[in-house]
Protein chains: 2
Amino acid sequence: MQTSKDTQLSSTLRIAVTRLARRLRAERLDTSLSLNQLAALATLERHGGMSLAQLAAHERVRPPSMTRTVAGLEQSGLVTRSPHARDRRQVVIEINEAGRRLLAQDRRRREAWLARRLAELTPDERATLRAAAPVLERLTQS
Amino acid sequence: MQTSKDTQLSSTLRIAVTRLARRLRAERLDTSLSLNQLAALATLERHGGMSLAQLAAHERVRPPSMTRTVAGLEQSGLVTRSPHARDRRQVVIEINEAGRRLLAQDRRRREAWLARRLAELTPDERATLRAAAPVLERLTQS
DNA sequence: TATTGTTATACTCTATAACTATA
DNA sequence: TATAGTTATAGAGTATAACAATA
């Protein structure tokens, strides 16, 4: 019974989470930045400055691809590139203030969409989601 | 207060759902099919047979792109193409048994990963998610 | 004449291989 | 000699434009 219930929970949760993520993704206003550029920018914000190879590894792309992605971000004035203090082969890439502003804007837009959907729920349903949110977070950390 | 809490709920939920969806996406074994082919196949399973133009509209791509996507699916033996009964300009694309089996396999794999994560939670946490799953589903329908 | 689907062609994004500069 | 990053080039995947078949 427990097993059968969890199989069903896996299924329902997978479908709901996948669809909700797709809707959220579609809400980006962006237009000028590609999804990959946006993802790289978010990684730089979250983990701080890093070398091109490290950033490429984070995003699971090859260094040549990241070279182009970063070039675009730099041209848009969202990141800075500076030589590594000790190893002059390396380049340190960091998000700047404009980059942070853009990410904040993007998040606000998606969260505004979600907040409108949440407002259509009953208070009980919202309470259920408030309880579930930290559990969903834990799922992604294991 | 309510507003502030919901702002936070939007934020937490957005992050958790986005990350969980990314992990689930990464679990596909697939290898041979592209993500777009997989998505088109799932649409055919969910909505039944349809013309190429209808399928392209569903997947938000242009007809020439869908021509190629469907060609790959047909070559892999997962869909059938047959002329429309009345309008011979149209082609009806349908998923076949092999296509359904492949989708079921793919889902089982992702759900197995999720079930393992769920098994690591406490019974209370699982109960919380069971209550939340239908609410999350409602969110995507509004 | 309008519509469905395909073919021709170009653009974007990614990859591997070759190259430059540093270690 | 090995490593970090860039440049050269090729392979997916998508798009618009032009075309063939049918309505």
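A, B, ... follow the sequence lines: proteins, then strands. Residue 1 opens every chain. What you are looking at is a predicted structure, and each value in this text was computed from that prediction instead of being measured.
One can place CG of A/Leu52 at 15 Å from C1' of C/dT20, the figure rounded to the nearest angstrom.
Under the 3.5 Å distance criterion, the side-chain polar atoms of B/Arg126 are matched with a main-chain donor or acceptor of B/Leu118. B/Arg88 contributes no side-chain N or O that, together with a main-chain N or O of B/Pro83, makes up a donor-acceptor pair within less than 3.5 Å. When atom types are taken as modelled, the side chain of B/Ser76 and the backbone of B/Gly72 share a donor-acceptor pair closer than 3.5 angstrom.
A/Glu45 has a carboxylate O that lies under 4.0 Å from a charged side-chain N of A/Arg107, or vice versa, which qualifies the two as a salt bridge.
Tracing side-chain contacts under 4.5 Å through hydrophobic residues (I, L, V, M, F, W, Y), one never reaches A/Leu55 starting from A/Val92; they form parts of separate clusters. Hydrophobic clustering (side-chain heavy atoms under 4.5 Å, transitive across Ile, Leu, Val, Met, Phe, Trp, Tyr) keeps B/Ile15 apart from A/Leu129.
Counting heavy-atom neighbours within 6.0 Å of A/Arg62 CZ, excluding the residue itself, gives a total of 12 or less. Crowding of A/Gln141 atom CD: a count of heavy atoms from other residues, nucleotides or ligands under 6.0 Å exceeding 12.
For DNA chain D, the residues of residues 79-89 of chain B within the heavy-atom distance limit of 4.0 Å (strictly under) are B/Arg86, B/Asp87, B/Arg88, B/Arg89, sorted by number. Within residues 53-66 of chain B, the residues that have a heavy atom under 4.0 Å from DNA chain D are, in order of number, B/Val61, B/Arg62, B/Pro64, B/Ser65.
Across all their heavy atoms, B/Leu103 and B/Leu41 have their closest contact at CD1-O, 3.8 Å. Here the closest heavy-atom approach between residue B/Ala133 and residue A/Leu9 is recorded as CB-CD1, 4.3 Å.
The span of DNA chain D lying next to chain B, judged by atoms under 4.0 Å from heavy atoms, is bounded 5' to 3' by D/dG13 to D/dA23.
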